[in-house]
Amino acid sequence: MKVLVGAAAAVIGLVLVVTLGIMGVVIAEEDASATETTDGGGGLQGVPSEFRKWILEADAACKEPAMVPSLLAAQLYQESKFKTSREDATSHAGALGPAQFMPSTWATWGRDADGNGEASPWDIGDAVMAQGRMMCSLLRQAKNSGYPGDVRALALAGYNAGWGRVQEYGGVPPKSFANGETYNYVQIILSTMSRFEGPGLLQVSGSGRGADALRKAATRIGTPYAYGGGGPAGPSTGFCDGTNGYLSGKCAANSTVGFDCSSLVQYAYWPKTKLPRTAEAQYGATSDRPVSRSDLKPGDLLFWAHGGSGFIYHVAIYAGDGNVLHAPRTGRDVGIQPLTSAMPQGDYVGATRP
């Protein structure tokens with residue numbers, strides 16, 4: 001069940017400068033050039049074959065980093081359990097089809113995506129593509145809103161209750177709204193996304209803490225870097241501290257929803273391994289378990305400091321095949337890069353295994 005939405009957003013970039021704690025020394029990250037591979041977390045599994053093609057197509061049509069196939073799949077499962085009959089997929093409120101569109105909302109988003117001559121909320125292709133368009137617009141609106149929390153949560157709340165309710169509450173409506181319907185809707189979908197996540201461009205084999213953390217981090221490929229943003233619950237707006245987070249003299253971090261390098265690592269390992277928040281602290285918490293470069297395994301943490309010693313200014317996750325997955329710096333997105341060019345080679349400190 002859903003209402004209406006608008007859209008407008010901008011991805012903000014700036015040059016990252018890292019302040020050397022209480023010593024007051026300013027360290028500017030160099031621009032390490034490399035080709036990034038991103039797929040938005042890309043893979044899909046566990047959905048009926050008649051839905052798979054359309055979910056992947058709807059995902060590909062949306063350029064918002066927060067859009068991934070598993071988000072659409074988990075949402076469809078919550079809306080209709082992938083059912084398409086008029087008996088099973090008509091709600092008491094009058095929402096129709098596998099994506100549960102109200103007639104008024106369908107008038108805005110519905111199109112004849114499958115080319116059968118009719119735009120119908122009962123046609124799987126039409127419904128899923130309309131769902132994707134609406135969610136993509138909501139994700140842009142959420143990113144541009146400045147409201148705290150995961151943009152996916154905000155977008156899902158807008159889909160369920162209408163963006164006006166998100167504006168009314170300045171975020172996801174609380175449990176007290178509509179007997180918790182929207183709050184629970186958001187929580188259920190976000191918690192079941194992993195059920196539908198399949199292999200994307202980043203293939204992660206094996207099991208254990210490291211592999212599991214890498215898989216989780218890979219679902220955030222394409223998410224913007226936000227200085228001071230992100231944490232165990234997901235991406236969030238960052239902040240400016242007098243030195244960091246500015247673009248052309250204006251604070252940009254506080255309007256960018258994303259991760260920085262260490263919050264991505266913290267998010268990836270949480271809650272099985274509760275790492276501290278900063279790269280420096282993460283190195284301190286894991287340095288008693290060093291790993292040689294020749295023995296790296298997926299999920300290992302890699303650290304950099306200027307000149308290879310002193311204050312740790314960057315952390316990344318080893319992704320296998322000589323690559324790392326990381327949040328590089330402001331103006332860039334979470335992505336995959338070769339270890340040799342992710343950061344200046346002379347700054348490489350070493351690796352640890354949480």
Side-chain angles (χ1 to χ4, degrees), residues 1-9 40 44 47-48 50-86 88-145 147 150-168 172-173 178 181-182 185-186 188-190 193 196:
M1 174 178 151
K2 51 211 92 48
V3 194
L4 69 162
V5 70
L44 184 66
V47 302
E50 62 269 25
F51 281 86
R52 179 180 175 83
K53 169 184 181 293
W54 295 108
I55 291 173
L56 294 174
E57 187 169 329
D59 170 67
C62 179
K63 303 308 178 185
E64 289 302 308
M67 175 67 85
V68 290
S70 60
L71 175 63
L72 295 175
Q75 186 179 28
L76 282 164
Y77 185 78
Q78 178 63 19
E79 291 285 3
S80 66
K81 302 294 189 293
F82 300 115
K83 294 178 180 178
T84 57
S85 73
R86 294 178 186 267
D88 294 329
T90 300
S91 78
H92 67 277
L96 308 174
Q100 291 289 278
F101 273 94
M102 296 295 289
S104 59
T105 314
W106 179 255
T108 300
W109 300 104
R111 300 176 192 170
D112 179 18
D114 57 13
N116 69 354
E118 179 186 11
S120 170
W122 297 103
D123 292 343
I124 293 174
D126 296 357
V128 174
M129 293 303 291
Q131 174 203 6
R133 283 190 293 273
M134 183 173 177
M135 279 297 293
C136 191
S137 180
L138 283 163
L139 288 167
R140 286 195 299 270
Q141 182 118 342
K143 184 175 67 176
N144 195 48
S145 69
Y147 297 143
D150 191 336
V151 292
R152 294 171 180 172
L154 296 170
L156 288 168
Y159 192 96
N160 180 262
W163 186 253
R165 292 297 189 182
V166 177
Q167 291 177 311
E168 178 183 347
V172 176
E181 178 188 338
T182 299
Y185 175 89
V186 171
I188 290 169
I189 292 172
L190 293 179
M193 281 176 59
F196 301 102

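Residues: numbered from 1 along the sequence shown.
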From CD (Q141) to CD (Q167), nearest 0.5 Å: 6.5 Å
Here the gap from K83 atom NZ to D88 atom CG, rounded to the nearest 0.5 Å, amounts to 4.5 Å
Residue pair W122, T90: steps toward the side chain to side chain contact (heavy atoms under 4.5 Å, CB included) verdict: CA-CA 10 Å; W122 297 103; T90 300; 3.1 Å; yes
What are the two closest heavy atoms between L56 and P69, and how far apart are they? CD2-CG, 3.9 Å
Between P98 and A127, what is the shortest heavy-atom contact and its length? CG-CB, 3.8 Å
Residues in side-chain hydrogen bond (donor to acceptor under 3.5 Å, both in side chains) contact with E168, at least two apart in sequence or another chain: R165
Any V166 side-chain heavy atom under 4.5 Å of S145 side chain: no
Backbone N/O of L76 and side chain of S80: donor-acceptor pair under 3.5 Å: yes
Would you call the rings of Y77 and F196 parallel, tilted or perpendicular if under 30° counts as parallel and over 60° as perpendicular? tilted
Atom of A157, atom of P173 and distance for their closest heavy-atom approach: CB-CD, 3.8 Å
Does any non-hydrogen side-chain atom of W106 lie less than 4.5 Å from one of L96? no
What's the separation between atom CD1 in I188 and atom CD in Q78, rounded to the nearest 0.5 Å? 4.5 Å
Spacing of OG belonging to S137 relative to CH2 belonging to W163, to within rounding of 0.5 Å: 9.5 Å
How would you list, by chain and number, every residue that makes a side-chain hydrogen bond (donor to acceptor under 3.5 Å, both in side chains) with E57, sequence neighbours excluded? K53
So F82 and I124, do their side chains get closer than 4.5 Å, heavy atoms only? no
Side chains of Y185 and E79: is there a donor and an acceptor less than 3.5 Å apart? yes
side-chain hydrogen bond (donor to acceptor under 3.5 Å, both in side chains) partners of D123, counting only residues at least two apart: N116
Do D126 and S120 have side-chain atoms, one donor and one acceptor, less than 3.5 Å apart? no
Between R152 and A66, is there a donor-acceptor pair closer than 3.5 Å when you use the side chain of the first and the backbone of the second? yes
Applying side chain to side chain contact (heavy atoms under 4.5 Å, CB included), run through M193 and V68 and close with a yes or a no. CA-CA 9 Å; M193 281 176 59; V68 290; 3.6 Å; yes
Residues V172, L156; criterion side chain to side chain contact (heavy atoms under 4.5 Å, CB included); working and verdict: CA-CA 9 Å; V172 176; L156 288 168; over 6 Å; no
Point-to-point distance, once rounded to the nearest 0.5 Å, from OG1 of T108 to CE of M102: 12.5 Å
Return the minimal non-hydrogen interatomic distance between A73 and V47, and the atom names on each side. CB-CG1, 3.7 Å
Working note: V186 + L190, criterion side chain to side chain contact (heavy atoms under 4.5 Å, CB included); need CA distance, chi angles, decisive distance, verdict. CA-CA 6 Å; V186 171; L190 293 179; 3.9 Å; yes
When rounded to the nearest 0.5 angstrom, what distance separates CZ in F101 from CE in M134? 6.0 Å
If every non-hydrogen atom of M67 is compared with every non-hydrogen atom of C62, which pair is closest and at what distance? CB-SG, 3.8 Å
Taking the side chain as every heavy atom from C-beta outward, state whether L44 and D59 have any pair of such atoms under 4.5 Å apart. no
A155 versus A142, closest heavy-atom pair with distance: N-CB, 4.3 Å
Donor-acceptor under 3.5 Å (Q131 side chain, L72 main chain): yes
